[in-house]
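In this text, all values refer to a predicted model and were calculated from it rather than measured experimentally.
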Amino acid sequence: MGLFSDPYIFGKLLHHCSVTISDSLDYATRLFLHYPNPDVFMYNTLIRGFSESPWPQNSITTFIEMRRESSLFSSAAPDSFTFAFLLKAAANYGSLMTGMQLHCQALLHGLDGHLFVGTTLISMYGECGRVDFSMKVFDEMLEPNVVAWNAAVTACFRGGDLESSERLFESMPFKDSTSWNLMLAGYAKAGEMEMVRKVFSEMEVKDDVSWSSMITALTQNGCFDEVFSVFMDLQRLGLRPNEVSLTGVLSACAQAGAFEFGRVVHGFVEKSGFSWIISVNNTLIDMYSKCGNVAMARLVLETMPAMKNIVSWTSMIAGLAMHGHGEEAIQLLHEMEESGIKPDRITFVPVLYACSHAGLIEQGHECFSKMKNVYNIEPAIEHYGCMVDLYGRAGDLRKAYKFVCQMPVPPNDIIWRTLLGACSIHGNVELAEQVKERLSELCLTDSGDYVLLSNVYAVAGKWNNVETVRRSMTNQRIKKTPGWSMIEIDKIMYRFVAGEKQNNITKEAYDKLREIMLKLKVEGGYVPEVVGSVLHDIEDEEKEDSVTKHSEKLAVAFGMARLCKGRVIRIVKNLRICRDCHTVMKLISKVYQSEIVVRDRSRFHSFKDGSCSCRDYW
């Protein structure tokens, strides 16, 4: 139609391709190169597009070309928008030197005093870790508006200066909803939950961002009961949750194992028309997987109305891996490839993890080779860790140790700890001592390392060595991470810790547990497995009493006391389930005809009819 040379039409087209439409920045660049004598708006549009892309450095290249062009045509001279977008680009790739050079350029053009440019300078210096420069720019502003005040508050939070953030907030002549939300997010990131609660309660007007920020903050800090309470308050007030609120509350359900509440939220998603949002569906897959219902996770994946992305496939593969369904995880990887989506380095972590927990040695080796040779993905430390776990879990400890020694990257504490865990499982004292020595060389004082080594000695009956390890922990003031277990009953989360002070809830759990253990001994032939479960050289009767009080047993007993017969009992535990508790769960599922799902630190165990889904391979 001959409209290509019309600056207004072309400017609009360029804006759409650079900013509005995703994945069309390359096309916008080609358009731009074919336009004769582009003006400042066109340059600004392309600079803005690059500043918000994965390649913000290209904004600077475009600006250099713009400076050359402006020496010939005044219509291409940079303005305040140019520097605002450029400074955002410098902030996005964290280049302080580039930001300072742009600051100088703004001075040369007389734009440093412009409110828009000044505000972006504050943000840029904050992002690049120079809060002092941010404050200097802010102090030199004659009449900063609320946006500039907000930028200064954010810069202080980014620099970890909570006192200055609070001081600036209190000094603000006018506060908008963004100001309050920034305080909310800043305190949340710093882990100051009391201040988060205080700010939220003092807010006169709470918008979508306020509610979603509060839900996200509580989720990230493990305050799951409060997350559910805030979400219910949001609905009670007749407000409509947004995408961030929904993914936040579903993430809380996933972490806490709150299956029933998660189902309620899923129902809300379906009724309210949020099921077309990919991120919400992906979080639903993650939630159902981590709550022990992999079948529902699979159903969400298969019925997604929107096109599945790489996160959708990876989340489902991770769910299958956690449940020990190694062959299904590999099959899903093939389906993902057939759909036209290439797996990335993140996808291969749960694939290798699935092979490890299902004992698929050959398939795991093939996937590791495929990642390198087919997809040209250089293995990261996580992939090497999965391979060490693959060999170690299968009992080939020498091969695992050799693999670690031949790694092209230096093994970190996680690699050595994975191998130490394998030594604990298979009772290899000699190698465990070597591995613990390597961990000590890294100057780490993780209580788990000492507990694993104690496990190895305890299984071998070397109680003097166990005592030496325990004494070493005492001398270094290293405390063992207390084991806890959580169970959801009537949408309320209950948490049990072994040996905690009794209250009405724990008394009910202990009373029911005594009844269960007696029945298991009489009808199930239960004999406590105290070796490896108790790390003290004490009398057998004391050992039996100690293993009986493990938190997962208390949680299961409480669930059996409160839940209706036939309901699935779902437990979340922070540590690896011990052998005795594993045996007890199998016996309960057989004697009481109950189904129990336990999510421990590394995987799921589904107990039914006296057997476990892990096939005693964990």
I need the L162 CG to E166 CD distance, nearest 0.5 Å. 8.0 Å
Can you confirm whether Q220 sits close enough to S251 that some side-chain heavy atom of one is under 4.5 Å from a side-chain heavy atom of the other? no
Hits for ring-ring contact (aromatic ring centres under 6.0 Å, His included) against H103, two or more places apart or cross-chain, chain-then-number order -> Y125
Check the pair I310, D344 against side-chain contact (heavy atoms from CB on, under 4.5 Å), reporting the backbone distance first and the verdict last. CA-CA 8 Å; I310 193 167; D344 61 7; 3.5 Å; yes
Keeping the roles fixed (side chain from N281, backbone from I277), state whether a donor-acceptor pair exists under 3.5 Å. yes
Any side-chain heavy-atom pair from P343 and L333 closer than 4.5 angstrom? yes
Hey, could you give me the CG/CE distance between L301 and M316, rounded to the nearest 0.5 Å? 6.5 Å
Heavy-atom count check: over 12 atoms from other residues, nucleotides or ligands less than 6.0 Å from D139 CG? yes
Enumerate donor-acceptor pairs with a distance under 3.5 Å from any side-chain N or O in residues 126-134 to protein atoms, sequence neighbours excluded.
unit_1	atom_1	unit_2	atom_2	d
E127	OE2	R158	NE	3.0
E127	OE2	R158	NH2	3.0
R130	NE	D132	OD1	3.0
R130	NH2	D132	OD2	2.6
S134	OG	I122	O	2.8
S134	OG	G126	N	3.0

T247 side-chain N/O to V244 backbone N/O, donor-acceptor pair under 3.5 Å: yes
Is atom CD of E302 surrounded by more than 12 heavy atoms (other residues, nucleotides or ligands) closer than 6.0 Å? yes
Heavy-atom distance under 4.5 Å between the side chains of V349 and H383, does that happen here? yes
Any chance CD1 of I9 has more than 12 other-residue heavy atoms, nucleotides or ligands included, within less than 6.0 Å? yes
About how many Å separate NZ of K290 and CG of L250, when rounded to the nearest 0.5 Å? 12.0 Å
Min side-chain heavy-atom separation M203-N181 under 4.5 Å: yes
Heavy-atom count check: over 12 atoms from other residues, nucleotides or ligands less than 6.0 Å from F10 CZ? yes
Set out, in order, the CA-CA distance, both residues' side-chain angles and the distance that settles salt bridge (Lys or Arg N to Asp or Glu O under 4.0 Å) for E335 and K308, then state yes or no. CA-CA 12 Å; E335 290 179 27; K308 305 172 187 67; over 6 Å; no
For a side-chain hydrogen bond (donor to acceptor under 3.5 Å, both in side chains) check, start with the C-alpha distance between T283 and D286, then their side-chain angles and the critical distance, and finish with the verdict. CA-CA 5 Å; T283 317; D286 183 61; over 6 Å; no
So, for R240 and S272, which heavy atoms are closest and what is the spacing to 0.1 Å? NH2-O, 2.8 Å
Is there side-chain contact between E328 and H323, with at least one heavy-atom pair below 4.5 Å? no
Atom of I330, atom of C355 and distance for their closest heavy-atom approach: CD1-SG, 3.7 Å
If you round to the nearest 0.5 Å, how far is CE of M66 from CG of D39? 9.0 Å
State the CG-CG distance between N58 and L25, to the nearest 0.5 angstrom. 8.0 Å
Salt bridge present between K136 and E140 (N-O < 4.0 angstrom): yes
Determine whether Y35 and L13 make a side-chain contact, defined as any pair of heavy atoms from C-beta on separated by less than 4.5 Å. no
Determine, stepwise, if the pair C253 / F228 fulfils side-chain contact (heavy atoms from CB on, under 4.5 Å). CA-CA 9 Å; C253 293; F228 305 149; 3.7 Å; yes
Ion pair E65/R68, N-O distance below 4.0 Å: yes
Taking R48's backbone N and O only, do any of them form a donor-acceptor pair with S51's side chain (distance below 3.5 Å, no angle check)? yes
Are side-chain heavy atoms of P7 and M42 found at a separation under 4.5 Å? yes
Treating S165 as the side-chain partner and F157 as the backbone partner, does any N or O pair qualify as donor plus acceptor under 3.5 Å? yes
Taking the side chain as every heavy atom from C-beta outward, state whether L284 and M287 have any pair of such atoms under 4.5 Å apart. yes
Tell me whether the count of non-hydrogen atoms from other residues, nucleotides or ligands lying under 6.0 Å of OH in Y27 goes above 12. no
Backbone N/O of V209 and side chain of S212: donor-acceptor pair under 3.5 Å: yes
Tell me which pairs pass salt bridge (Lys or Arg N to Asp or Glu O under 4.0 Å) where either residue lies in residues 86-113, with sequence neighbours left out. E52-K88
Determine whether L352 and L390 satisfy the following criterion, side-chain contact (heavy atoms from CB on, under 4.5 Å), listing intermediate values before the conclusion. CA-CA 8 Å; L352 294 171; L390 178 74; over 6 Å; no
Among L46, N44, T45, T82, find the residue that satisfies the side chain to side chain contact (heavy atoms under 4.5 Å, CB included) test when tested with T62. L46
Backbone of C223 reached by a side-chain donor or acceptor of N221 within 3.5 Å: no
Just by distance, with hydrogens left out, do N150 and T178 show a side-chain donor and acceptor under 3.5 Å apart? no
Please find the pair of heavy atoms, one from A148 and one from P144, that lie closest to each other, and give the distance. CB-CB, 3.8 Å
Side-chain H-bond candidate by donor/acceptor type, T29 with D26, under 3.5 Å: no
Paired with W180, the ring-ring contact (aromatic ring centres under 6.0 Å, His included) test is passed by just one of F200, F169, W211, namely F169
Is the number of heavy atoms from other residues, nucleotides or ligands under 6.0 Å of E202 CD greater than 12? yes
Is atom NE2 of H365 surrounded by more than 12 heavy atoms (other residues, nucleotides or ligands) closer than 6.0 Å? no
Could you check whether any side-chain N or O of S24 sits under 3.5 Å from a backbone N or O of I21, counting only pairs where one atom can act as donor and the other as acceptor? yes
Would you check, one step at a time, whether the test side-chain hydrogen bond (donor to acceptor under 3.5 Å, both in side chains) holds for H266 with E270? CA-CA 6 Å; H266 188 184; E270 293 290 339; 3.3 Å; yes
For the aromatic rings, using the six-membered ring if either is Trp, is the centroid distance between F63 and Y43 under 6.0 Å? no
Short question: side chain of H357, backbone of M322 - any donor-acceptor pair under 3.5 Å? no
T216 side-chain N/O to S213 backbone N/O, donor-acceptor pair under 3.5 Å: no
From M336 atom CE to T347 atom OG1, the distance as rounded to the nearest 0.5 Å: 4.0 Å
Determine whether F274 and E243 satisfy the following criterion, side-chain contact (heavy atoms from CB on, under 4.5 Å), listing intermediate values before the conclusion. CA-CA 8 Å; F274 284 103; E243 180 183 343; 5.6 Å; no
Begin with the C-alpha distance, continue with both residues' side-chain angles, and end with the deciding distance and a verdict on side-chain hydrogen bond (donor to acceptor under 3.5 Å, both in side chains) for N242 and S245. CA-CA 5 Å; N242 60 14; S245 298; 2.9 Å; yes
Please confirm whether F83 and H114 have ring centers closer than 6.0 angstrom. no
